[in-house]
There are 2 protein chains.
Amino acid sequence: MGYRNVSKEEKKPSQSLKQIVYEDLKRRIISCEILPGTQLTEEILCEQLKASRTPVRDALSRLEQEQLLTIHPKKGIFVNTVSLANVSELFEARLRIEPYAVQYYGNRIGDDVYVECIRRFESETRKSRELYRLDDEFHQMFIDATRNRYLIMFYNTVRDQTMRYRVLSAMERRLFDSQAEHREVAMQCLRGNWERAAEAMRSHIENSKISILDYVMHQNRDAKNIFAATDIPAEAPET
Amino acid sequence: MGYRNVSKEEKKPSQSLKQIVYEDLKRRIISCEILPGTQLTEEILCEQLKASRTPVRDALSRLEQEQLLTIHPKKGIFVNTVSLANVSELFEARLRIEPYAVQYYGNRIGDDVYVECIRRFESETRKSRELYRLDDEFHQMFIDATRNRYLIMFYNTVRDQTMRYRVLSAMERRLFDSQAEHREVAMQCLRGNWERAAEAMRSHIENSKISILDYVMHQNRDAKNIFAATDIPAEAPET
DNA sequence: TTGACAAATGTTGTATACAACATTATAATG
DNA sequence: CATTATAATGTTGTATACAACATTTGTCAA
């Protein structure tokens, strides 16, 4: 069920169709089931998501604001591409927030929570699905501790984007290093060494960034032309 | 025409009705022409903005994501209230970004721009409208210099929120101190003292925060019950 | 073949009717 | 009078038809 202090965002008034459509489409984009650069049309989405254009358009509007796609008026809807520049921007944004959250708000999280985190990071789960979830919850925990709605909102956007890269680069191996780094953060928190905890988080994020950048630069053989040289806002095909 | 390096956001494909409606409604909320806590209904907005529900709903969806209003399904739409806690969150967010932008990306801005800034901040314009514009552009300039789409996007949201407080507290007097602080930032930038420039920006933001918090706490006589004790996401009237 | 023009197609933008739910008012009942 | 049941109203959610614009295709002439 996740740690304490974890986001209450798991709202379940999700009964509404527009919410279902939004979450479903977002999941498909983040998981790269729909690849970067893909053109979407409302009509096809309506069929696939089994809804009319109204809730679909609502979802599209939100996803555009979250930088996951771009709507070119009267032309089409394109899933935003990913790029080296984009990775840098994402991790720079994370570095602005996460170490700060750890250093100044980590003390809002109970020792028992840290103990539990450490325990989990030591257990040898092999299911990457599970490890990813732990990873996400660990980072989210610190952001939520700031209790700052703007930082939380901002982090949501950045986190979702980061997930796309995680899927694309399929960094299974990185996962285990990542767990060790998480444990280091949690242990420093447990000792009340907030500066060191922040530093540990900083280098953890740097390592993740390097790992992804490294992958993106060296991907070549099975590369699917996913990583664009251009920047994110997907361009409509020039005519 | 503003400084160089200033946001290119002034897109003018704003022909579309939904864009016009969005900008108009957003302006009304930011300028507090529509007061915090107000309940809106789509029908009334349609009349006022002379559009059908489709573009109006589109605008409402975007404004909800920007934390300017909250849509309670099947109940109503409420302009988010403002509060002490909210001011703190806003300025904390700004402190995460702005000094950083100054320190690490201020050198991307030409000396001539800083000279021009200083000149303008010294001229004794009395029109607060004009001063506000200079103020906004000055801060935006540094954010844009980061060329980080996520930081820029985030700052947009925070900036708009800040404007609401500016209007509510009508801090005319603060404006002049503010200009002097801006000049200090620009001068440190011109000298290449990026750390000092960042520090100047930091204290400038702190001062703005204090000014607003001070106003909010002492506002009493002409207070219009605008500042809620509760937090931003406007609650639907409990029943 | 090339070019220009026109028609057809694809796609989103906008308006509107109706459905679903929440709240309030009303009336009936004890 | 108090309480409950029921109807009326208000508000957003959803579906769909049509309009506006962009692109592509096709036709015809030079």
Side-chain angles (χ1 to χ4, degrees), chain A residues 11-26 28-29 34 37-80 233-239, chain B residues 11-26 28-29 34 37-80 233-239:
Chain A
K11 307 171 189 172
K12 289 295 179 188
S14 319
Q15 298 284 17
S16 76
L17 196 48
K18 73 174 179 184
Q19 186 67 12
I20 294 171
V21 166
Y22 163 75
E23 287 172 4
D24 194 3
L25 183 51
K26 181 172 170 176
R28 293 197 199 190
I29 293 175
I34 302 176
T38 306
Q39 174 169 11
L40 305 172
T41 70
E42 294 180 357
E43 193 181 2
I44 293 175
L45 290 174
C46 288
E47 292 172 12
Q48 296 185 344
L49 302 169
K50 295 179 175 63
S52 76
R53 284 184 61 204
T54 309
V56 168
R57 283 176 58 82
D58 202 284
L60 290 171
S61 171
R62 287 174 68 181
L63 293 170
E64 183 182 34
Q65 267 193 290
E66 294 173 11
Q67 308 278 341
L68 283 171
L69 50 82
T70 303
I71 301 171
H72 295 275
K74 310 277 177 119
K75 289 185 181 174
I77 301 152
F78 296 84
V79 176
N80 281 348
E235 293 295 330
E238 70 288 352
T239 57
Chain B
K11 310 172 193 174
K12 289 296 182 187
S14 320
Q15 298 284 15
S16 77
L17 196 48
K18 74 174 179 184
Q19 186 68 11
I20 293 171
V21 165
Y22 164 74
E23 288 172 4
D24 194 3
L25 183 52
K26 180 172 171 177
R28 292 197 200 191
I29 292 175
I34 302 175
T38 306
Q39 174 170 11
L40 304 173
T41 71
E42 294 179 357
E43 192 182 2
I44 294 175
L45 289 175
C46 288
E47 293 172 10
Q48 296 185 345
L49 301 169
K50 296 180 175 63
S52 77
R53 284 183 62 205
T54 308
V56 166
R57 281 176 59 84
D58 201 285
L60 289 171
S61 171
R62 290 174 66 181
L63 293 171
E64 183 182 34
Q65 266 192 292
E66 294 174 10
Q67 309 277 342
L68 282 170
L69 50 83
T70 303
I71 300 172
H72 296 274
K74 311 272 179 129
K75 289 183 179 174
I77 301 152
F78 297 83
V79 176
N80 281 350
E235 292 296 329
E238 69 289 353
T239 57

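Here the structure is a predicted model, which means the values were calculated and not measured. Just so we're on the same page: letters track the sequence lines, and every chain starts at 1.
With sequence neighbours excluded, the residues forming a side-chain contact (heavy atoms from CB on, under 4.5 Å) with B:Ser61 are A:Asp58, A:Ser61, A:Arg62, listed by chain and number. The salt bridge (Lys or Arg N to Asp or Glu O under 4.0 Å) search around A:Glu42 returns A:Arg53, A:Arg57, not counting sequence neighbours. Scanning for side-chain hydrogen bond (donor to acceptor under 3.5 Å, both in side chains) contacts around B:Lys26 gives B:Tyr22, B:Asp160, with sequence neighbours left out. A:Arg28 meets the salt bridge (Lys or Arg N to Asp or Glu O under 4.0 Å) test with A:Asp24, A:Glu33; sequence neighbours excluded. The side-chain hydrogen bond (donor to acceptor under 3.5 Å, both in side chains) check on A:Glu64 picks up nothing, with sequence neighbours excluded. Take B:Thr38 and apply the side-chain contact (heavy atoms from CB on, under 4.5 Å) test, not counting sequence neighbours, and it matches B:Ile34, B:Leu35, B:Leu40, B:Val79.
For the pair B:Leu60 and B:Ile71, the minimum side-chain heavy-atom distance is below 4.5 Å. For the pair A:Leu49/A:Val21, a side-chain contact is recorded, criterion being any heavy-atom separation below 4.5 Å from C-beta on. Side-chain atoms of B:His72 and B:Thr70, non-hydrogen and from C-beta on, do get closer than 4.5 Å to each other.
Minimum atom distance to the side chain of A:Glu42 is reached by C:dT12, of the listed D:dT11, C:dT12, C:dT14. The side chain of A:Lys75 sits closest to D:dA22 out of D:dA22, D:dT11, C:dT14.
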Between the protein and nucleotides 16-21 of chain D, list the N/O to N/O atom pairs that are separated by less than 3.5 angstrom.
{"unit_1": "D:dC21", "atom_1": "O4'", "unit_2": "A:Lys74", "atom_2": "NZ", "d": "3.4"}

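No side-chain donor from either of A:Gln19 and A:Gln15 sits under 3.5 Å from a side-chain acceptor of the other.
An end-to-end axis angle of 10° holds for the helix from C:dT1-D:dA30 to C:dG30-D:dC1, taken from five base pairs per end and rounded to 10°.
In this entry the distance linking CZ of A:Arg57 with P of D:dG13 reads 16 Å, nearest Å. Here D:dA22 presents its C1' atom at 16 Å from CD1 of A:Ile71, a figure rounded to the nearest Å. In this structure, A:Ile20 atom CD1 and D:dT14 atom C1' are separated by 13 Å, rounded to whole Å. Atom P of nucleotide D:dG13 and atom CD of A:Gln19 are separated by 11 Å, given to the nearest angstrom. C:dT23 atom C1' lies 11 Å from atom CD of B:Gln39, rounded to whole Å. B:His72 has its NE2 atom 11 Å from the P atom of D:dT12, to the nearest Å. Separating the CG atom of B:Leu17 from the C1' atom of C:dT12 is a distance of 14 Å, rounded to the nearest angstrom. A straight line from NZ of B:Lys18 to C1' of C:dT14 spans 11 Å, rounded to a whole angstrom.
Listed by residue number, there are no residues of residues 58-66 of chain B with a heavy-atom contact under 4.0 Å to DNA chain C.
Nucleic acid contact for B:Ile44: none, since no nucleic acid atom lies under 4.0 Å from a heavy atom of the residue.
Of the inter-residue distances, the one linking A:Lys75 atom NZ with A:Ile77 atom CD1 reads 14.0 Å to the nearest 0.5 angstrom.
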